[in-house]
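Right, one structure below, let's go through it.
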Amino acid sequence: MAGRGRPRPGSHQALVVAAVILLLAAASGAGAGSPDRPAPGPPLFLPLTRSYPNASRLAASLRRGLGDGVHPNARMRLHDDLLTNGYYTTRLYIGTPPQEFALIVDSGSTVTYVPCSSCEQCGNHQDPRFQPDLSSSYSPVKCNVDCTCDSDKKQCTYERQYAEMSSSSGVLGEDIVSFGRESELKPQHAIFGCENSETGDLFSQHADGIMGLGRGQLSIMDQLVEKGVISDSFSLCYGGMDIGGGAMVLGGMLAPPDMIFSNSDPLRSPYYNIELKEIHVAGKALRVESRIFNSKHGTVLDSGTTYAYLPEQAFVAFKEAVTSKVHSLKKIRGPDPSYKDICFAGAGRNVSKLHEVFPDVDMVFGNGQKLSLTPENYLFRHSKVDGAYCLGVFQNGKDPTTLLGGIIVRNTLVTYDRHNEKIGFWKTNCSELWERLHIGDTPSPAPSSDTSSEHDMSPAPAPSNLPEFDVGLITVDMSINVTYPNLKPHLHELAELIAKELEIDSRQVRVMNITSQGNSTLIRWGIFPAESDNAMSNATAMGIIYRLTQHHVQLPENLGSYQLLEWNVQPLPRRSWFQEHVVSMLLGILLVILVTLSAFLVVLVWRKKFSGQAAYRPVDSVVPEQELQPL
């Protein structure tokens, strides 16, 4: 959608809701089906990537609703995070054989597009461009009365323009779209855009393109719903401030009993809107009229936007209300002197304790239900001052629309129930939710040099108990949202930081394997016993793993965020009788050799000493006569 997000922390633009050029392209050419939609099909599950008890309850309901072994589902993970990248991406595979792409998950866009091999104005992105000639199942969407055609009147085209002055345009094609090697849902034919031109942030971003989840005939949601393979609903769950990732569900799911909802009127605007009536800071409503949140497009929820943008009057009131509650903190400049960010120092690094310093915020909907926000839902870390935070809520220029981006729904399950025209919110730990689902029976692959294969980025669950043995090694697979060239100079620093957070000696933490994968780096760490010990106790290993899985390790801002993919405990190797006694045996053999050599030397010296002496004879003894030899 419009404000797809600010490109980096500390720099914001006056984003407005999209001036999207909606060209109705040939969705009918994709075989959309009859106007009467088929009965809702099974849900399509795409896992994205801190503690809320709700996660376990929802996990149980999801296993009942999605994991019954009958309905097909696709399992994928969101990568990246708001601070480092400004967006979340998932992996999509297009063509036969599949070509892999990292696409921004965007509920405000109505078309999915990737750079085309013929593009003359496309930036350098994470993956190679789509090559239609290499896909045996690709076909162009031919020009027809329902689309805008190219200059040759042969193929349908699309064009999208966004409010931050970026744009994408190209031709429409149809091909098989799949969702990864773990997908139980069969690959589906879908129409997508093959870019021939991109400008602005779309040109410079690391992600390949956009996965459009908005309302529109070219939306991947609309296409799957029209085919009857999923029901008309999808859900997103974004990870917290220091975690990133999350989970996404395409299709219906059982809503938690205490999920709160707001009506969402598709006729009100083409975007996913909610009925926001009031904003409360520390229990007090902002002194603004409720109609201010209903101007123009109303209050729009957009997963492709990074931060939140309020109309001028509401922003001023919100800024003053928050600032008045943080007297103990020092107000400082933002990380980028070009922008007037509102930042505060002295709050500490522990995100779970920010509520002790910053006020809680509540959003009250038209039906009276209230969504409570924690500080991580309206703050982002200062990238240059440790323990400092900045407001992630900005003024939306002169545009009266209220735009709520991903920061507002961190650690919140958001269900876009399009069929019932409502949007649900449920506070939970999104990364823990994915862990508790226990989806995927096989462990995540270790980092390797093969970057062409798909890596399952599932975070590792906390240990419930370890077998009773002495631990010889703990291996930890970690994905860090920083490219390898940028991370390589900081590996030693990172190892020392991990050791400090785990309260162990830095010499115990070593890099065992490292590989670059797109805009992230996969590292396998080895945690060894202290040099004075041959092994670490079961309790010590449990403590280390617990601190890892509870994300006690907090990285500096320049190193982005991380995901713990897998941990493994290896016992102290069992040694045979020979291995256990080999030293004693060697010492014994050496001792025998030394004793033997000593005895041999004593005998040799004794013989040499006495062999040179003549036998004693008395003076008067008879001596044999000796014959004289001739001269």
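From a predicted model like this one, the values you see are computed outputs, not experimental measurements. Note that these values count all heavy atoms, side chains included, but never hydrogens, waters or copies made by symmetry. We count residues from 1, following the sequence as given.
Residues meeting the ring pair (Phe, Tyr, Trp, His ring centres under 6.0 Å) test with Phe315, sequence neighbours left out: none. Residues forming a ring pair (Phe, Tyr, Trp, His ring centres under 6.0 Å) with Phe318 (at least two apart in sequence, or on another chain): Tyr378. Under the side chain to side chain contact (heavy atoms under 4.5 Å, CB included) criterion, Ser295 pairs with Pro400, not counting sequence neighbours. The side chain to side chain contact (heavy atoms under 4.5 Å, CB included) check on Arg333 picks up nothing, with sequence neighbours excluded. Judged as a side chain to side chain donor-acceptor pair (under 3.5 Å), and not counting sequence neighbours, the contacts of Asn273 are Ser269. Applying the side chain to side chain contact (heavy atoms under 4.5 Å, CB included) test to Glu289 and every residue at least two apart in sequence or in another chain returns Arg291. In this structure Asp360 satisfies the side chain to side chain donor-acceptor pair (under 3.5 Å) test with no other residue, sequence neighbours excluded. Judged as a side chain to side chain donor-acceptor pair (under 3.5 Å), and not counting sequence neighbours, the contacts of Asp362 are Ser372. For Thr299, there are no side chain to side chain donor-acceptor pair (under 3.5 Å) partners two or more places apart in sequence or in a different chain.
Judged as a ring pair (Phe, Tyr, Trp, His ring centres under 6.0 Å), the pairs with a partner in residues 272-291 (not counting sequence neighbours) are, in order, Phe234-Tyr272, Tyr272-Tyr416. Pairs engaging residues 267-288 under the salt bridge (Lys or Arg N to Asp or Glu O under 4.0 Å) rule: none recorded [sequence neighbours left out].
The pair Arg215-Asp222 does not count as a salt bridge, with every side-chain nitrogen at least 4.0 angstrom from each carboxylate oxygen.
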Which atom pairs, donor and acceptor, lie under 3.5 Å between side-chain atoms of residues 192-199 and protein residues at least two apart or in another chain?
unit_1: Glu195; atom_1: OE2; unit_2: Ser168; atom_2: OG; d: 2.6
unit_1: Asn196; atom_1: OD1; unit_2: Ser118; atom_2: OG; d: 3.1
unit_1: Glu198; atom_1: OE2; unit_2: Gly123; atom_2: N; d: 2.8
unit_1: Glu198; atom_1: OE2; unit_2: His125; atom_2: NE2; d: 2.4
unit_1: Thr199; atom_1: OG1; unit_2: Ser167; atom_2: N; d: 3.0
unit_1: Thr199; atom_1: OG1; unit_2: Ser167; atom_2: OG; d: 2.7

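Side-chain contact of Asp417 with Thr415: a donor-acceptor pair under 3.5 Å is absent, judged by distance alone.
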